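Read through the structure below, which is laid out as structure tokens, and then see the notes.
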Amino acid sequence: MAILSLDGLSKRFGGLQAVDNVSFCVQQGAIKALIGPNGAGKTTLFNLISGFIPPDSGTITFDGSPVQRLRPHQVAARGMARTFQHIRLFPKMTAIENIMVGRHVHGRAGFVAGMLNLPFTWKEERLIREQSLEVMEFLGIADLAGAEATRLAYGQQRIVELGRALACGPRLLLVDEPAAGLNMRETAEMASLISRIRDRGVTVLLVEHDMSLVMNISDEIVVLSYGQKIADDQPLAIQKNREVIRVYLGEEHAAD
């Protein structure tokens, strides 16, 4: 069963057609990768799916309901979370405080209750901290809970950002270039984490340039080129697809 379906999704910025009539599905419980050369429209597509920009046309159906006109916080509240290509942690907050931000999307205490410091806000904050620590334990970074975000190593910051998205309790997790800037060991650890997240019951849609990571953990792969979908298949078939080879390696390799 598809947890996410895109149908005829398009987005133009001035004279640039960033996403052009893209349609595909993400099956519940799967890891699906979205790949393509720089400028293919991958991040724009993520921004459309997660509500950061509206599409010009087409529909986005998540868990049976259209979400293409919802704001990011509304999309998140329905069970979709994302990370970003460039890390966006709150630098002066600790690791656990950054992760707690993700959990607050489900909080019931409003601004006024927080300002008045009402008793039920203390209980909610304590619960959110406990739940956030559980996420950190799952990711293997519980020992970093009190560390300021700016003092963490780059790879640790990547995992904290992943934890903040997980703290939302998503059914679908959008992960944008999680291996960017990581060394080989850190990349292998990130691949293992993403697989464990899927095994925990969270569907994953992944944008990544590291083809080894993509091929090793993905159930299906969508390939974009100049905003258009050129392939949507299992990893082995994608590796043999002549159009994909042409886009990545050039005409001479596709002809072999």
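Computed from heavy atoms alone, side chains included, the values below leave out hydrogens, waters and symmetry copies. Values in this document were obtained by computation on a predicted structure and should not be read as measured data.
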Nearest 0.5 Å, what's the [atom1]-[atom2] distance between [X] and [Y]?
X: Thr44; Y: Phe13; atom1: OG1; atom2: CZ; result: 4.5 Å
X: Lys92; Y: Thr150; atom1: NZ; atom2: OG1; result: 5.0 Å
X: Glu220; Y: Lys32; atom1: CD; atom2: NZ; result: 4.0 Å
X: Leu206; Y: Ile221; atom1: CG; atom2: CD1; result: 9.5 Å
X: Ser218; Y: Gln234; atom1: OG; atom2: CD; result: 11.5 Å
X: Leu9; Y: Asp20; atom1: CG; atom2: CG; result: 10.5 Å

Using modelled atom types only, decide if a donor and an acceptor are shared between the side chain of [X] and the backbone of [Y] within a distance under 3.5 Å.
X: Ser10; Y: Asn21; result: yes
X: Lys229; Y: Ser23; result: yes
X: Gln68; Y: Ile60; result: yes
X: Thr61; Y: Pro66; result: no
X: Asn241; Y: Ala237; result: no
X: Glu161; Y: Arg88; result: yes
X: Asn98; Y: Leu89; result: no
X: Gln156; Y: Ala153; result: yes
X: Gln27; Y: Met1; result: yes
X: Gln228; Y: Ser225; result: no

Looking at every non-hydrogen atom in both residues, tell me the closest pair between [X] and [Y] and how far apart they are.
X: Asp219; Y: Pro235; value: O-CD, 3.4 Å
X: Ile31; Y: Ser195; value: CD1-CA, 4.2 Å
X: Gln157; Y: Ile87; value: CB-CD1, 3.8 Å
X: Cys168; Y: Ala81; value: CB-CB, 4.0 Å
X: Val101; Y: Met93; value: CG2-CE, 3.7 Å
X: Val22; Y: Gly227; value: CG2-O, 3.3 Å

Less than 4.5 Å apart, any side-chain heavy atom of [X] and any of [Y]?
X: Thr83; Y: Leu174; value: no
X: Arg158; Y: Pro178; value: no
X: Phe46; Y: Glu177; value: no
X: Val247; Y: Val223; value: no
X: Ile96; Y: Met136; value: yes
X: Thr187; Y: Met184; value: no
X: Met211; Y: Ile35; value: yes
X: Glu124; Y: Ile128; value: yes

Using the rule that Ile, Leu, Val, Met, Phe, Trp and Tyr join whenever any side-chain heavy atoms are under 4.5 Å apart, tell me whether [X] and [Y] fall into a single cluster.
X: Val204; Y: Leu224; answer: no
X: Leu213; Y: Val26; answer: no
X: Leu173; Y: Ile159; answer: yes
X: Val202; Y: Val160; answer: yes
X: Leu166; Y: Leu205; answer: no

Note: [X]-[Y] ion pair, threshold 4.0 Å (strictly below):
X: Lys11; Y: Asp56; answer: yes
X: Arg78; Y: Asp63; answer: no
X: Lys240; Y: Asp233; answer: no
X: Glu125; Y: Arg129; answer: no

Would you say that more than 12 heavy atoms from the other residues, nucleotides or ligands in this model lie under 6.0 Å from the [atom1] of [X], or not?
X: Arg196; atom1: CZ; answer: yes
X: Tyr226; atom1: OH; answer: no
X: Arg151; atom1: CZ; answer: no

Subject >> Worked check of side-chain contact (heavy atoms from CB on, under 4.5 Å) between Leu45 and Phe24 >> reply: CA-CA 12 Å; Leu45 197 58; Phe24 66 81; 3.7 Å; yes
**OP:** Would you sort out whether Val75 and Phe62 count as a side-chain contact (heavy atoms from CB on, under 4.5 Å), showing the intermediate values?
**Re:** CA-CA 9 Å; Val75 176; Phe62 172 59; 5.6 Å; no
Donor + acceptor pair across side chains of [X], [Y] (<3.5 Å):
X: Asn47; Y: Arg82; answer: yes
X: Ser132; Y: Arg103; answer: no
X: Thr94; Y: Glu97; answer: yes

Original post:
Please walk me through it: do Ile194 and Arg198 pass side-chain contact (heavy atoms from CB on, under 4.5 Å)?
Top reply: CA-CA 6 Å; Ile194 293 170; Arg198 185 270 305 277; 5.9 Å; no
**OP:** Among Ile, Leu, Val, Met, Phe, Trp and Tyr joined by side-chain contacts under 4.5 Å, find the other residues sharing a cluster with Phe84 and list them by chain and number.
**Re:** Phe52
Original post:
Is there a side-chain contact (heavy atoms from CB on, under 4.5 Å) between Asn216 and Val214 once you walk through the steps?
Top reply: CA-CA 6 Å; Asn216 284 334; Val214 168; over 6 Å; no
Subject >> Partner of Asp176 by side-chain contact (heavy atoms from CB on, under 4.5 Å), out of His86, Glu208, Gln85 >> reply: Gln85
